Structure formats: C-alpha cells, structure tokens
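Let me begin by presenting the structure, written as structure tokens, before commenting on it.
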Amino acid sequence: MKAAPFTFHRAESLDHALDLLARHGGDCKPIAGGQSLVPMMAMRLARPSVLVDINRLDALKARHDAPDHVTLGAITRQRDMEADVALRRSVPLIAEALRWVGHVQTRNRGTIGGSLVHADPSAELPLAAAVLDATLVLRSQNGGERRVPASEFFVAPMFTAANEAECLTAVEWPVWAGAGVSCAFEEVAIRHGDFAMASAACQIQLDPDGTCRRATIGLGGVAGTPLAFPDLAQRLIGRRITATLAQEAAEEAAARSEPGTDMHADAGYRRHLAVVLLRRALLRAASAATPALAA
Amino acid sequence: MTAPISVEITVNGTVRRAFVEPRTTLVDFLRDHLALTGTHVGCEHGICGACSVLLDGAPVRACCLFAAQVDGMSVTTVEGLAPARGELSKLQDAFLESHALQCGYCTPGMLIACTDLLARNPQPSEEEIRDAIGGNLCRCTGYQQIVDAVKLASGQEEAAHG
Ligand code: FES
Ligand code: FES
C-alpha cells in the first residue's frame, strides 16, 4: 500500500525540527532511516500529516567517547555501528545485537534512535539498551533537554516515555571498564533478521578465577517491553556461572515474562525459548570471558 | 498542503530533476516517473527486497525511502549494472549461466545485493553469500542457483546446476 499524504520538511537545524514538532504535536513525526516508520505508513498503521526529515542534522550524528560511557547521536546508522571497531570494544553488546538486526539493506538506513523510539518489544537494540540501562537524551522546544534511563523509557509495545514534541537526540551507552568483560545476544526468529520470537542478552564481568563480579541480563519478545532483571543479575555476583546457575537465573527470568501468542508461536513456546536462550547467552559470555577456565 | 518537493537525484549517472509528491517512494519514482521498471516492487513495506537499489553505493530498499529524502544523492538501479547497452555485468552473466532466475521477480534485488557483496568482498564464502541475500525473498525459491552464480562470478566455481 501507499502512505497517506503528508507535508514534507527537510530540517535545516535541530531547532527547526523541534519547532515543527512543537507546532504539530502528534501529527508530526521525525524521519531518519525510516525503516520502521515507512512500512508503518505504507500499511496505514501510522499516518502523520507532517514529516520532518532529520537526516542532515550533524548535531544528531555526534559521537563522544568518555571513560564510562559512549554517546551516539540518534541518527547513527546501524551499519556504521556494526563497522565501528572502537565501539565493538567499548560497548560490545551493540555489535552482538546488530548481528540479529534486519538485513544489509535495512541496516544501511536504519538508525540507533529509530529502533529505540519505535520500541518494538521484539527488537534487538531496545533489549541491548534495557540490559545496559542506556540513557536516552530527549529534546523539545519548550522542555529543553531531558534524560531518561532505558528502564523508564520503554512503556508498552511501540510506546515510550518520549512525548510528542520530543526528539531523541542521543543515546549514552555505559562502558564497563576493566578486564574479563564479555556479553552475548541470542535469538530465535522465523527468518534471520526478522523480529525475534524470543531473545536474550547479557553482559558479565568475571574475575580471573571465574567469579562473577558484575552482571546484567534481559529478555526480549516475551512482554510488552524489553525486560531487564537487575535483581536476578545481582544474585550471580560472587559466584561462578555454571550450567546450573545459568539455568536457574534463566528459569526465574522467564517465569516473570508475559509472552503473547500469535501465529508463529504460543506463549508457552516463547517462555521455553526464553529459558534456553538466556542460559545459552550466560554460558557463552562466561566461556568467552574466561577462555582458560572453559578449556 | 502536501506541496510537491523538488528533487535532484543522479540515477545511473544521469542527473534527474523532478517535482515529487512527498509520499512518492523512491521505487515509485524510479518506475513511474523515470520509467525505469527494472527495479521491482513486491511487498511495499520492507520485507521482500525486490526493490533494492544502491544509494550512494550502499544497498537499500527503495520502498522504504521517500524520493524527497534522496535529494542530492546518487542511485544505481539494476539498469545501471551492465557496462554497456546489450552487455551484461560479470555477475549478470553468471546468473544466466547458473540458471539463477526463473520468473525473474527477485532478480533485480538479488543482483543489487550480490553486486554490493562482491564489491565489499570479492571472494565470499557460501555463508557470506547467504547472509548477503538474507533480505531478499525468491518466491521461486531458487536460492541455491543464486549462491552458485555468485561463486561463479567470483571465480570460485564452475557453473554447476544445469
Ligand atoms: S518492495 Fe521493497 S522490500 Fe518488498
Ligand atoms: S526467480 Fe522468481 S522470485 Fe526469484
């Protein structure tokens, strides 16, 4: 199908875009990669009457490396993040998640910000943001800048804490300093690159003897938002990540999920996948962090 | 209200200027305004890959972009892959040799995806080839011959499946 008619503006500056958003409210949508928005418009699930193209705003491409976090401009392309060797080192979970995101054609256009504001509960980058508790920087003409942690950003399927006048400008990703950090992202989808039936992600830091010093875990596709489980992750601290411990954590996490049923999979199967995938993610991350112990 | 937008887009090396309705997708612009019907359109919402073109050298889905967004950029369509009229690119020739097309619906998108792959990676493994065409559906399901064609074009295999 074709999109409903709309008025098109090329934003000359961030203020120009924010002004249009302030004036038109919910009828106005920023567009960058358009890999979620254009299909939604084609299916008439979205019918904004004003589109503001933010692709040329250098302010939204800025990259900043600090010791404890990396700031990525909202319209950083997925393909550029994938190829970014420094980012792979500082925030490895992004590259792990991107292995499952779309296809070359969509990653060439798709942006980090677009994926997060679209907030599909099965999407990979929102899960990565939830697991690392990234910070989303929002800006509006009247409200100025507002910083929202991922734990508060994702509210419901396709629904976030951003209001209609706000534009996501950047995302801050925590960097875990020190040795022994590793992460894993696991997923099952109908076709590689499609949205997940269920997905799991973790990042851990192990001491040289294999004891877990820091951990975060989460599940995607099994609730209205991506889920992170800080309290369950806390229980891994001070212990070795054995198959038994990974299974326990995965079972408890999956028990808290609320998967839906659709033509691809029922709730029970999704919950089963959640257990398998989270256990697998934890064990893969653990063996990557301590190759010597695993050998 | 939905005032036409002026665009200047370089298509297969030729600068094209036009006024487009904002909701005109790039694939509709190519097919309906420029009569370049080599680029196919299947699902119109980013699933099938039939509409793939190179945008500033990188493969994208032309149904998921509005022509107005492409102003100032350059597009290569399947018509732009051949070195000259009446000739075929090495990859196109390998598709022919390997029987990599049946109905031909997916072919323009497959050629764009594989042209990009070979430009980045002249000797791709079978897995890398399959990954590169992961976003392109062939409703005739002739994937194996497409993989063979890419191997042939990259000098890795004789034309096999006859
Ligand atoms: S027509 Fe563009 S992806 Fe199907
Ligand atoms: S050859 Fe028919 S769709 Fe691929």
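Naming: A, B, ... by sequence-line order, numbering from 1 per chain. As the structure is a prediction and not an experimental result, all values here were calculated from the model.
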Non-hydrogen atoms of chain A under 4.5 Å away: do they reach the side chain of B/Arg120, the backbone, both or neither? side chain
With only heavy atoms counted, which part of A/Leu51 is less than 4.5 Å from chain B, the side chain, the backbone, both or neither? side chain
Side-chain donor or acceptor of B/His45 paired with backbone N/O of A/Pro39 under 3.5 Å: no
Any side-chain donor near an acceptor of the partner, B/Asp116 and A/Gln105, under 3.5 Å: no
Do you know the tightest heavy-atom contact between A/Arg191 and B/Asn136? NH1-N, 4.4 Å
What verdict does the side chain to side chain contact (heavy atoms under 4.5 Å, CB included) test give for B/Asp28 and A/Lys2, after you've listed the backbone C-alpha separation in whole Å, the side-chain angles of each residue and the deciding distance to 0.1 Å? CA-CA 10 Å; B/Asp28 286 345; A/Lys2 313 288 182 192; 2.7 Å; yes
Check whether B/Ile112 gets within reach of chain A through its side chain, its backbone, both or neither, counting any heavy atom under 4.5 Å. neither
Closest heavy-atom contact between B/Gln69 and A/Arg109? NE2-NH2, 4.1 Å
Count the heavy atoms belonging to other residues, nucleotides or ligands that lie under 6.0 Å from CD of B/Gln123, then report whether that count exceeds 12. yes
Please round to the nearest 0.5 Å and tell me the distance separating atom CZ of A/Phe8 and atom CD of B/Glu21. 13.0 Å
Between B/Ala58, B/Gly134, B/Ser52, which shows the greatest number of heavy-atom pairs under 4.5 Å with chain A? B/Gly134
Under 4.5 Å to a heavy atom of chain B? For A/Met41 that would be side chain
Using a cut-off of under 4.5 Å for heavy-atom pairs, which of B/Ala113, B/Ala68, B/Cys43 has the most such pairs with chain A? B/Ala68
Would you find a donor on one side and an acceptor on the other, under 3.5 Å apart, between the side chain of B/Arg23 and the backbone of A/Ala3? yes
For the atom pair CG (A/Asn55) and CG (B/Asp71), what is the distance rounded to the nearest 0.5 Å? 12.0 Å
Taking every heavy atom of B/Pro59 against every heavy atom of A/Asn108, the minimum-distance pair comes out as O-ND2, 2.8 Å
Please step through side chain to side chain contact (heavy atoms under 4.5 Å, CB included) for the pair A/Asp53 and B/Phe66, ending with a clear verdict. CA-CA 10 Å; A/Asp53 187 326; B/Phe66 295 111; over 6 Å; no
Do the side chains of B/Pro22 and A/Thr7 get nearer than 4.5 Å, heavy atoms only? no
One option among B/Leu117, B/Val53, B/Ile133, B/Leu137 has the most heavy-atom pairs under 4.5 Å with chain A, and it is B/Leu137
Do B/Arg61 and A/Val38 come close enough that some side-chain heavy atom pair is under 4.5 Å? no
